[in-house]
Amino acid sequence: MNKDQLLGSMKIAVARMEQNLAGLMRDQAHLRHAAQLQQAGKVQRTMGDARQLIKRSLKQHMSA
């Protein structure tokens with residue numbers, strides 16, 4: 001697991017907690033912020049997945 005995957009997963013977790021709290025308080029601004037943060041986390045985690053896949057692919061081609 002690389003840094004982007006870890007940080008992306010953390011952002012998603014924090015956004016879900018924020019979303020639950022905003023839902024309890026019925027705060028639309030915080031709900032929107034939580035949704036944006038969750039999307040940013042998903043993007044960052046996907047970038048980490050891609051980086052790991054590229055690194056693994058390069059390692060395989062170098063050893064072959």
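Everything numeric here is computed off the predicted structure, so don't read it as measured data. Sequence positions, counted from 1, serve as the residue numbers for this chain.
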Under 3.5 Å, side-chain donor or acceptor atoms of residues 27-38 against the rest of the protein: list the pairs with distances, not counting sequence neighbours.
residue : atom : partner : partner atom : Å
Asp27   : OD1  : Ala29   : N            : 3.2
Asp27   : OD2  : His30   : ND1          : 2.4
His33   : ND1  : Glu18   : OE2          : 2.8

For residues 48-56, which side-chain donor-acceptor pairs fall under 3.5 Å, sequence neighbours excluded?
residue : atom : partner : partner atom : Å
Asp49   : OD1  : Gln5    : NE2          : 2.5
Arg51   : NH1  : Asp4    : OD2          : 2.7
Gln52   : OE1  : Gln5    : NE2          : 2.9

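- Here the straight-line distance linking atom CE of Met47 with atom NZ of Lys3 works out to 13.0 Å at 0.5 Å rounding.
- To the nearest 0.5 angstrom, Met62 atom CE is 11.0 Å from Ser57 atom OG.
- Considering OG1 of Thr46 and CD of Gln44, their distance stands at 10.0 Å, rounded to 0.5 Å.
- Annotation for Met25: atom CE counts as buried by contact number, over 12 foreign heavy atoms lying within 6.0 Å.
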